[in-house]
Amino acid sequence: MKDEVREICDRAFEELSYLKSLENRKDQKNQKNLQDLRVKYLGKKGLLTVLLKSLGKLPREDRPAAGKIINEAKARLESAIEDTGRSVKALQEKRVIESRRIDVTLPGFFIPQGRQHPINQVLDEVCEVFTSMGFRVEEGPEVEDNYHNFEALNIPNEHPARDMQDTFYVAGGFVLRTHTSPVQVRVMEREKPPVRVVAPGKVYRCDSDQTHTPMFHQVEGLLVDRNISMADLKGVLEAFVHSIFGSKTPVRLRPSYFPFTEPSAEIDIGCVICGGAGCGVCKKTGWIEILGAGMVNPKVFEFSGYDPEEYTGFAFGLGIERVAMLKYGIDDLRLFFENDIRFLEQF
Ligand code: PHE
């Protein structure tokens with residue numbers, strides 16, 4: 001009996017030490033193998049358990065000693081299995097921790113800082129100047145219908161004024177808006193006077209060369225109330241020019257034509273590059289055009305449901321790229337659209 005116990009124990013410990021040796025390899029099944037081993041020797045039908053149950057076959061006086069031997073062997077095996085289980089578990093945990101280790105002394109990644117695009121900076125700045133004068137910011141759709149982009153602005157079909165702007169046509173009677181002026185109409189359709197709004201946004205024209213891009217930005221302005229005159233227009237636009245380009249910048253109004261304003265004017269500022277002396281940017285004239293403007297044409301009021309006998313107003317449209325070029329002394333429009341990081345970083 002003693003020999004039998006020893007033999008079983010030897011085998012059990014041999015198997016156990018084999019399992020232990022597997023620890024060092026990545027054998028995730030070790031826990032299960034240990035469980036199998038326990039069942040094999042200590043389970044209900046385990047070798048040692050069966051042996052214990054067979055004690056009855058021994059002579060009565062031998063039973064206590066044999067029982068003691070078997071129980072001691074069981075206890076030893078039990079605790080050895082438990083130890084091994086613990087160390088396998090500890091080893092696995094250690095592996096997990098090591099696999100997630102972070103070297104906090106490594107240098108970090110360089111994350112370049114983003115900035116607002118210069119066009120958007122100028123757009124915001126322009127809107128701020130007008131909101132500080134009591135204008136509200138409004139937006140309209142970039143895909144616009146024929147009515148709002150042209151007809152309601154007194155540009156009928158077949159009218160030669162349509163050729164002033166090369167239009168991108170979209171299926172279904174829509175266009176990519178050629179200017180922000182349709183927002184004037186949309187605001188007047190919705191609201192009763194007085195109105196005081198600016199409408200920033202993208203506009204599209206089928207045009208591309210050194211000074212034209214198919215998409216560019218405008219800010220539209222509209223002010224309607226009783227007794228609004230050209231003097232109000234001039235005062236507001238002068239205040240605007242002075243706050244963007246400095247209070248000494250001269251401003252002049254030059255007669256012009258837009259179908260939706262009457263009278264119409266283009267607003268020039270003294271060339272900010274040469275100070276009026278004449279240079280390449282102002283084509284030696286000393287003046288640069290930055291705005292189209294005028295008194296809202298009574299026909300536009302009629303389209304929008306305002307009474308032209310009661311109300312007058314002015315409107316203006318400003319090209320943002322032009323303002324940004326003058327403000328930052330940039331001579332090539334395309335730089336704004338190439339998005340070369342070396343260019344953008346300077347703003
Ligand atoms: N919509 C005109 C343009 O794009 C500018 C403008 C707006 C002129 C409002 C007068 C009044 O050229």
Side-chain angles (χ1 to χ4, degrees), residues 119 123 126-127 130 135 137-142 144-156 159-168 175-188 195-207 211-224 228-238 240-241 251-269 288-301 303-304 306 308 311-323 333:
I119 291 297
L123 210 55
V126 167
C127 285
F130 286 108
F135 286 75
V137 176
E138 276 287 337
E139 279 177 88
E142 287 173 29
E144 187 53 280
D145 54 52
N146 194 56
Y147 175 78
H148 288 91
N149 195 83
F150 295 119
E151 266 177 80
L153 289 165
N154 192 34
I155 316 174
H159 191 279
R162 293 247 171 152
D163 297 338
M164 282 169 75
Q165 302 165 353
D166 298 300
T167 310
F168 283 114
V175 299
L176 297 186
R177 67 176 178 192
T178 55
H179 50 181
T180 42
S181 301
V183 187
Q184 290 183 37
V185 181
R186 290 187 174 276
V187 170
M188 289 190 280
V195 294
R196 228 187 289 173
V197 294
V198 282
K202 292 182 166 71
V203 300
Y204 302 84
R205 289 182 200 176
C206 192
D207 206 349
T211 51
H212 296 89
T213 49
M215 184 279 286
F216 60 101
H217 298 79
Q218 285 187 335
V219 171
E220 190 80 9
L222 174 69
L223 187 149
V224 183
I228 300 299
S229 75
M230 200 89 182
D232 298 306
L233 166 66
K234 190 167 184 238
V236 165
L237 292 181
E238 251 172 16
F240 161 73
V241 167
V251 178
R252 78 174 182 189
L253 272 68
R254 194 161 32 77
S256 184
Y257 171 75
F258 298 103
F260 33 93
T261 47
E262 182 59 36
S264 303
E266 277 169 314
I267 282 87
D268 296 339
I269 61 171
I288 296 173
E289 181 214 321
I290 62 159
L291 278 144
M295 301 307 291
V296 179
N297 191 315
K299 289 208 180 120
V300 175
F301 279 152
F303 273 113
S304 308
Y306 281 14
Y311 294 102
T312 49
F314 66 77
F316 59 87
L318 169 77
I320 290 299
E321 278 76 3
R322 175 66 73 87
V323 173
L333 179 65

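Side chains are part of it too, since the values below use all heavy atoms of this structure and drop only hydrogens, waters and symmetry mates. Being a predicted model, the structure only gives us computed values, none of them experimental. Atoms within a ligand are numbered from 1 in the order they appear, just like the ligands themselves.
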Give the numbers and elements of all ligand 1 atoms closer than 4.0 Å to a heavy atom of Gln184.
-> 9 (C)
Ala293 and Leu233: which non-hydrogen atoms are nearest, and at how many Å?
-> CB-CD1, 3.9 Å
Has Arg177 got any heavy atom lying under 4.0 angstrom from an atom of ligand 1?
-> no
Sub-4.0 Å atoms of ligand 1 with respect to non-hydrogen atoms of Gln218 = 3 (C), 4 (O)
Hey, which atoms in ligand 1 end up nearer than 4.0 Å to a heavy atom of Phe316?
-> 7 (C), 9 (C), 11 (C)
Contact check, Phe314 vs ligand 1, heavy-atom distance below 4.0 Å = no
Validation row, ring centre His179 to ring centre Phe260 under 6.0 Å = yes
Where's the contact between Phe260 and ligand 1, heavy-atom distance under 4.0 Å: side chain, backbone, both or neither?
-> side chain
What are the two closest non-hydrogen atoms of Ala199 and Val183, and how far apart are they?
-> CB-CG1, 3.5 Å
Taking the six-membered ring for Trp, are Phe316 and Phe130 ring centroids under 6.0 Å apart?
-> yes
For the student: nearest non-hydrogen atoms of Ser304 and Met188, plus distance = CB-CB, 3.6 Å
What atoms of ligand 1 come closer than 4.0 angstrom to any heavy atom of Arg205?
-> 3 (C), 4 (O), 12 (O)
Considering all heavy atoms, the nearest Leu153-Pro182 contact = CD1-N, 3.8 Å
Under 4.0 Å to a heavy atom of Ser181 - the qualifying atoms of ligand 1, by number | 1 (N), 7 (C)
